[in-house]
Every structure is written in C-alpha cells, then in structure tokens.
Amino acid sequence: MGLLNETPEEYYLGPDGVWDSNDEEYGNYQFVTINDIITNFMAMFVGEDKIISKIKRTDVQFHAMRAIQEFSFDLLPQDKAIEIEVPPGLYMILPQDYVNYTKVSWTDQNGIERPIYRTDITSNPTAYIQDSQFQYTFDSDGNVPEANESETLKRWDRSAYASNTPFQPNSGWTWNNNPDLIGMYAYGRRYGINPEMAQANGTFYIDKLNGVIRFSSDMRERVVTLRYISDGLAVDSDMTVHKFAVDAIYKYIIHAVLATRANTQEYLVARYKKELTAAKRNAKIRLSNIKSALIGQIMKNQSKWIKH
C-alpha cells in the first residue's frame, strides 16, 4: 500500500487548484509529523510482549517533543532565515522563536550574501544611576533605577554606529606616525592587523538584555539576512522530523521511558542508550548530505600551483 495520499495534480496545484499560489506543501514527503511518530510508536513498541508494556500517550508525546527539541540543536537544526533592511537605529529585533544564530550576512547588488562577523569589543550593559558622589541611588521600593541607555552604547554610537562613515579602528590614534611610540608598543609584539578585524563586511553584536542585534555603521540601509535555529516546538508546522532521523527519535523515546521508570533493569537502559547513540550517528551521516561529486569538485583545488 503506497504512502502517497494525493495525486500529482493535487500536489502541484494545491487545495485551490492554482499553480504556485503558496498553499502547496512542496517537499513534505521527506518529513514525518510528530502525531504520526507518536501513533507509530504506540503501535510498534507499546503492548504485551513488547519493549514497553503500558504507557500513556501523553507521556510518549512529552518525550517525543523533548526529542525534537534536543535534536533541533545539532541533529535536526531548524534553520530559518529572515531578511530586513537595516533601519537608521542600526538594530534588528530577534525573531519570536529565536534560540541561536548560525549566520548573519548582508546581500550585495548581485545577490551574494557576504558574512558579517560578530565583535566582542563592546556591549550594552545595564547602567545604574549614580549621584554626584558616584553612589547608587534608590527608588521608593529600594531598587537601583536604571538608565534608558548605557554610556557604553552611547559612546559606541557616537564613534562608530551612528556616524555616516564606516568605523575605522585606528581613527584618532596619533602614535601611528611617531617612530618612538611605534618602537615602544610594537617591539616584541605581533605585527600587522588583528586577524579577526581583517574584513570589510561590517560587524554586529547581540544585545541579549534588549533582544536585538546591533550593527556597525556600514550596515546602514543594507539588506541583512539572519539565519537562526529554533527548538522545533514554536509552531505546529515546525514539529516535523526528517525520515532519516525517525529511528533516532524512536530510540530516544524508548531510552527516556526506560530511564525514568522505577525497577527497570539497568542492562535495558544501557542497551538502548547505545542504540540511541548509534541511531543518532547514522542520522547525522545521512543528513550531512555529503555527495561524492561535491567532494571531487572541492578536491580539485589541491591541483592548483601555489605561487611564491
């Protein structure tokens, strides 16, 4: 019995019968929904003379959702992307289901995404309000009031992000042309620019306290793309599993159920922990999508002559 439950016409035209009208679900055959995983698990692994004799469906649902959440960070990354034009404030609000970023880039006139690199030389800390004696002030509730913006952010805005010209790391430094100072500070130290600063695509840092990404001034009015991962549980459409990883989800649920039950033989827990590790490894290999033709194309670079 085939698994396809729709005709090619229904697949390509969708429910409204109109070509490419954004109601189609192209490529959905490669995924399995969480409801199907729970139903199949209850049928295959739960019952008399089976691995799990009895369990509630809600318990299986909990462990299945935990499996999707854990696997979303490494095995099944929910790689999402949003694109915005950087406003004059040089910031971007983090998406609602954001967990961590994978890549930040800006798009040039040819549609090429150029990576933007994170900087760790500044931040936006919480600023306490002090009096003229530099002592903390307190409100009626005994708490220390906070300023709307930190002085660090204000100074960084004035020097780099709020200006109309790109940030120049060496601007204002007067010792560059002084041989005595050059000899004093450069002797015995690394020569040249810091490698992490040796790029011209701009920088950003994540202001976690305010939930925004702040960009350097050369990102003004550029089109920026944020690629990030979620936990796979934000919306129902995210709670799907690639067919290459379904077996790993089953092994995770079995191990989680046996490990949390009392009076379970330790050898069973150890056995399915090993099977879970093997299933995750197989799923990673399959989902890595490494093709021999691509490897051969990349290895052709080894035949290039290096000129000195």
Side-chain angles (χ1 to χ4, degrees), residues 1-5 25 27-81 94-103 208 227-292 294-295:
M1 181 177 179
L3 298 179
L4 291 176
N5 56 6
E25 295 182 353
N28 61 346
Y29 188 72
Q30 60 185 317
F31 299 103
V32 180
T33 64
I34 187 173
N35 289 328
D36 290 339
I37 290 177
I38 296 173
T39 301
N40 296 337
F41 183 89
M42 296 292 293
M44 290 186 297
F45 302 104
V46 180
E48 188 177 356
D49 297 329
K50 294 185 178 180
I51 299 172
I52 302 173
S53 59
K54 185 178 180 181
I55 191 174
K56 295 180 180 179
R57 184 181 176 90
T58 53
D59 293 340
V60 177
Q61 179 181 357
F62 169 79
H63 291 300
M65 295 178 68
R66 282 290 302 143
I68 292 177
Q69 190 174 37
E70 286 295 323
F71 289 178
S72 293
F73 302 138
D74 53 2
L75 183 62
L76 301 170
Q78 292 286 340
D79 193 359
K80 299 183 176 181
L94 294 176
Q96 187 177 8
D97 58 343
Y98 172 88
V99 174
N100 198 359
Y101 80 94
T102 58
K103 181 181 179 181
K208 296 181 179 180
R227 297 189 180 275
Y228 67 99
I229 58 174
S230 184
D231 63 352
L233 302 179
V235 294
D236 292 341
S237 59
D238 288 347
M239 288 188 282
T240 58
V241 178
H242 198 280
K243 290 183 177 179
F244 286 164
V246 170
D247 186 58
I249 297 291
Y250 291 151
K251 294 300 189 297
Y252 180 97
I253 299 174
I254 295 173
H255 174 262
V257 171
L258 295 177
T260 55
R261 281 192 169 184
N263 301 324
T264 301
Q265 293 89 341
E266 188 62 31
Y267 79 91
L268 281 177
V269 179
R271 169 190 169 187
Y272 283 100
K273 184 177 182 180
K274 291 181 179 179
E275 292 195 8
L276 170 60
T277 302
K280 288 180 64 176
R281 181 174 61 249
N282 292 338
K284 284 185 177 181
I285 294 174
R286 292 173 177 176
L287 291 172
S288 60
N289 206 22
I290 300 176
K291 307 299 182 183
S292 59
L294 179 60
I295 295 178

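As the structure is a prediction and not an experimental result, all values here were calculated from the model.
Between Ser72 and Ser230, the shortest heavy-atom contact is CB-O, 3.7 Å. Closest approach of Ile68 and Gly232 over heavy atoms only: CG2-O, 3.8 Å. Summarising the geometry of Ser53 relative to Val46, their closest heavy-atom pair is O-CG1, 4.2 Å, with the distance given to 0.1 Å. The two atoms that bring Ala248 and Ala279 nearest to each other are CA-CB, 3.7 Å, heavy atoms only.
For the pair Lys50 (side chain) and Ala43 (backbone), a donor-acceptor distance under 3.5 Å is present. Looking only at distances, a side-chain donor or acceptor of Tyr98 sits under 3.5 Å from a matching main-chain atom of Tyr101.
At least one side-chain heavy atom of Ile254 sits under 4.5 Å from a side-chain heavy atom of Phe41. The shortest side-chain heavy-atom distance between Leu233 and Met239 falls under the 4.5 Å cut-off. Side-chain atoms of Phe31 and Val241, non-hydrogen and from C-beta on, never get closer than 4.5 Å to each other. Residues Leu3 and Tyr29 have side chains in contact (heavy-atom distance under 4.5 Å, counting atoms from C-beta outward). Between Met42 and Arg57, the closest side-chain pair of non-hydrogen atoms falls below 4.5 Å. In this structure, Thr240 and Ile34 have side chains that are not in contact, with every pair of non-hydrogen atoms separated by 4.5 Å or more. Proximity of Val257 to Asp59: side-chain heavy atoms (C-beta onward) are nowhere separated by under 4.5 Å. Looking only at side-chain heavy atoms (C-beta outward), Asp238 and Lys80 come within less than 4.5 Å of each other.
In summary, of the residues considered (Val60, Leu258, Ile38), a side-chain contact (heavy atoms from CB on, under 4.5 Å) with Ile253 occurs for Val60 alone. Checked against Tyr228 for a side-chain hydrogen bond (donor to acceptor under 3.5 Å, both in side chains), the options Asn100, Thr102, Asp97 give a single hit: Asp97.
Atom CG of Leu94 is separated from atom NZ of Lys208 by 10.0 Å, given to the nearest 0.5 angstrom. In this structure, OG1 in Thr277 is found 8.0 Å from NE2 in His255, a value given to the nearest 0.5 Å. Atom-to-atom distance recorded for Asn28:CG and Ser237:OG is 12.5 Å, nearest 0.5 angstrom. Within the model, atoms CD1 of Ile249 and CD of Glu70 stand 10.5 Å from one another, a figure rounded to the nearest 0.5 Å. Taking CZ of Arg286 as the reference point, atom NE2 of His242 lies at 10.5 Å (rounded to 0.5 Å). In this structure, CD1 on Ile229 lies 6.5 Å from CZ on Phe73, to the nearest 0.5 angstrom.
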* Apply the test side-chain contact (heavy atoms from CB on, under 4.5 Å) to residues His63 and Thr260: give CA-CA distance (whole Å), side-chain angles for both, the deciding distance (0.1 Å), then the verdict. => CA-CA 11 Å; His63 291 300; Thr260 55; 4.3 Å; yes

* To do: Output, in order, the C-alpha distance, side-chain angles, deciding distance and verdict of side-chain contact (heavy atoms from CB on, under 4.5 Å) for Lys280 and Tyr252.
  => CA-CA 9 Å; Lys280 288 180 64 176; Tyr252 180 97; over 6 Å; no

* Tyr272/Ile51 under side-chain contact (heavy atoms from CB on, under 4.5 Å): CA gap, chis, key distance, verdict -> CA-CA 11 Å; Tyr272 283 100; Ile51 299 172; 2.8 Å; yes

* Asked: Can you check side-chain contact (heavy atoms from CB on, under 4.5 Å) on Asn282 and Phe244, steps first, answer last?
  -> CA-CA 8 Å; Asn282 292 338; Phe244 286 164; over 6 Å; no

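Applying the salt bridge (Lys or Arg N to Asp or Glu O under 4.0 Å) test to pairs two or more places apart or on separate chains, those with a residue in residues 266-276 are Arg271-Glu275.
Residue-environment remark: CD (Gln30) exceeds the threshold of 12 foreign heavy atoms within 6.0 Å.
The closest side-chain donor-acceptor pair between Asn289 and Lys291 falls under 3.5 angstrom. For the residue pair Thr39 / Asp36, no side-chain donor-acceptor distance below 3.5 Å is found, with atom types taken as modelled.
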